[in-house]
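One structure is given below, encoded as structure tokens.
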Amino acid sequence: MEPPFDKVPGVVSTTSGYAGGTVVNPRYEDVARGLTGHAEVVQVVFDPRQVTYEQLLAVFWKNIDPLDAGGQFCDRGRQYRSAVYYEGEDQKRAALASRDALARASGVAAERIQTEIAPLAAFYKAEEYHQDYARRNVREYWAYRAGCGRDERLRQLWGESRR
């Protein structure tokens with residue numbers, strides 16, 4: 001999820017990490033095995049003078065499958081769930097409103113959207129080898145992405161007009 005956000009003017013940084021679980025300072029091996037309750041996430045730091053939280057939510061929705069409760073694409077398990085972890089009531093309202101707008105625009109009942117929307121209790125930065133993975137491991141990333149059918153599924157959901 002880093003590349004779609006990295007392209008957005010006003011995004012200062014993206015950091016791979018973990019959130020939504022119960023273990024303090026989780027390790028990838030434990031997260032990947034489903035032992036921590038955490039999801040793999042991306043922290044997006046942005047300049048609100050250049051891009052709004054709502055615009056970032058739109059980028060998020062168009063790059064996931066919000067209907068899949070079992071993970072995302074090839075990545076299966078609760079640790080790969082789609083989630084929005086908000087900070088504060090304004091972000092909570094915006095996240096819920098964007099989910100509801102997505103449901104209306106797509107004709108999908110809101111209850112079919114499986115994306116978790118919850119307060120951010122803590123964010124834990126992932127190990128360094130996870131940071132900028134797509135940029136640092138171009139061949140592996142694109143082979144994985146193609147093999148998982150990610151782009152095909154996103155086209156099924158959103159058509160060609162993805163940001």
Side-chain angles (χ1 to χ4, degrees), residues 1-8 10-48 51 53-92 94-96 98-99 102 112-154 157 162-163:
M1 284 297 293
E2 290 170 312
F5 289 115
D6 287 338
K7 295 177 191 173
V8 177
V11 168
V12 176
S13 67
T14 56
T15 305
S16 293
Y18 316 113
T22 58
V23 174
V24 175
N25 296 318
R27 296 176 323 124
Y28 172 73
E29 293 77 15
D30 295 329
V31 173
R33 290 175 41 213
L35 302 176
T36 67
H38 287 290
E40 290 192 20
V41 299
V42 174
Q43 178 186 60
V44 180
V45 176
F46 64 100
D47 181 345
V51 63
Y53 184 66
E54 291 80 1
Q55 289 170 311
L56 295 174
L57 287 166
V59 171
F60 168 78
W61 292 117
K62 296 297 182 181
N63 284 281
I64 65 158
D65 180 349
L67 306 178
D68 190 343
Q72 289 292 293
F73 315 105
C74 284
D75 295 320
R76 309 313 301 159
R78 186 155 165 69
Q79 66 273 29
Y80 300 112
R81 67 192 177 271
S82 65
V84 174
Y85 295 110
Y86 59 82
E87 296 182 274
E89 287 301 310
D90 288 343
Q91 286 189 0
K92 177 183 179 179
L96 293 170
S98 71
R99 179 202 61 201
L102 176 75
R112 285 201 49 223
I113 295 178
Q114 302 297 312
T115 300
E116 177 181 342
I117 297 177
L120 177 66
F123 170 81
Y124 300 100
K125 183 179 177 182
E127 295 80 355
E128 198 55 40
Y129 66 91
H130 283 291
Q131 305 306 321
D132 298 312
Y133 184 86
R135 184 180 54 77
R136 295 187 314 159
N137 301 279
V138 175
R139 285 189 178 147
E140 293 89 347
Y141 172 75
W142 284 103
Y144 166 81
R145 186 174 174 134
C148 283
R150 179 186 177 105
D151 293 323
E152 180 181 330
R153 177 63 178 148
L154 291 174
L157 288 166
R162 291 191 13 256
R163 182 171 186 193

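Side chains are part of it too, since the values below use all heavy atoms of this structure and drop only hydrogens, waters and symmetry mates.
The nearest pair of heavy atoms linking L154 to R145 is CD1-NH2, 4.4 Å. Here the closest heavy-atom approach between residue W61 and residue A95 is recorded as CZ2-O, 4.4 Å. Across every non-hydrogen atom of A122 and A19, the tightest pair is O-CB, 3.5 Å. Listed here is the closest heavy atom pair of R99 and I117: CB-CD1, 3.9 Å. Taking every heavy atom of both residues into account, F73 and D65 meet most closely at CZ-N, 4.0 Å.
Contact of the L96 side chain with the Y86 side chain is not registered, since no non-hydrogen atoms from C-beta on lie closer than 4.5 Å. T14 has its side chain out of reach of V45: every pair of non-hydrogen atoms, C-beta onward, lies at least 4.5 Å apart. Within the 4.5 Å cutoff, the side chain of T15 has no heavy atoms near those of the V44 side chain. Using a 4.5 Å heavy-atom threshold, the side chains of F46 and Q55 count as separate. Contact check for T115 versus I64: side-chain heavy atoms found under the 4.5 Å cut-off. Within the 4.5 Å cutoff, the side chain of P66 has heavy atoms near those of the L157 side chain. By the 4.5 Å heavy-atom criterion applied to side chains, Q131 and K125 are counted as neighbours. Inter-residue side-chain proximity for Q79 and Y18 is flagged as unmet; no heavy-atom pair is nearer than 4.5 Å.
Here R76 pairs with D68 in a salt bridge; the nearest charged N to carboxylate O distance falls below 4.0 Å. Using a 4.0 Å cut-off between charged nitrogen and carboxylate oxygen, E116 and R78 count as a salt-bridge pair.
Applying the 6.0 Å contact sphere to CD of E152 captures no more than 12 heavy atoms from other residues, nucleotides or ligands.
Atom-to-atom distance recorded for R27:CZ and T36:OG1 is 11.0 Å, nearest 0.5 angstrom. Atom-to-atom distance recorded for L56:CG and S98:OG is 10.5 Å, nearest 0.5 angstrom. Atom-to-atom distance recorded for C148:SG and R153:CZ is 13.5 Å, nearest 0.5 angstrom. The structure places CZ of R136 at 14.5 Å from OH of Y141, a figure rounded to the nearest 0.5 Å.
Formation of a donor-acceptor pair under 3.5 Å by the Q114 side chain with backbone atoms of R112 is found in this model.
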Exercise for the section: Apply side-chain contact (heavy atoms from CB on, under 4.5 Å) to the pair F123 and V42, showing each step before the final yes or no. Expected result: CA-CA 9 Å; F123 170 81; V42 174; over 6 Å; no

Exercise for the section: Would you please test V23 and L35 for side-chain contact (heavy atoms from CB on, under 4.5 Å) and show each step? Expected result: CA-CA 9 Å; V23 174; L35 302 176; over 6 Å; no

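Donor-acceptor pairing under 3.5 Å is lacking for the side chains of E40 and S16. With hydrogens and angles left out, the side-chain atoms of Y144 and D75 include a donor and acceptor closer than 3.5 Å.
Qualifying ring pair (Phe, Tyr, Trp, His ring centres under 6.0 Å) partners for Y28, counting only residues two or more places apart in sequence or in other chains: H130. Among residues two or more places apart in sequence or in another chain, the ring pair (Phe, Tyr, Trp, His ring centres under 6.0 Å) test is passed with Y53 by none. With sequence neighbours left out, the salt bridge (charged side-chain N to carboxylate O under 4.0 Å, His left out) criterion links E140 to no other residue.
Just one residue in the list Y80, Y85, Y124 forms a ring-ring contact (aromatic ring centres under 6.0 Å, His included) with H38, and that residue is Y124.
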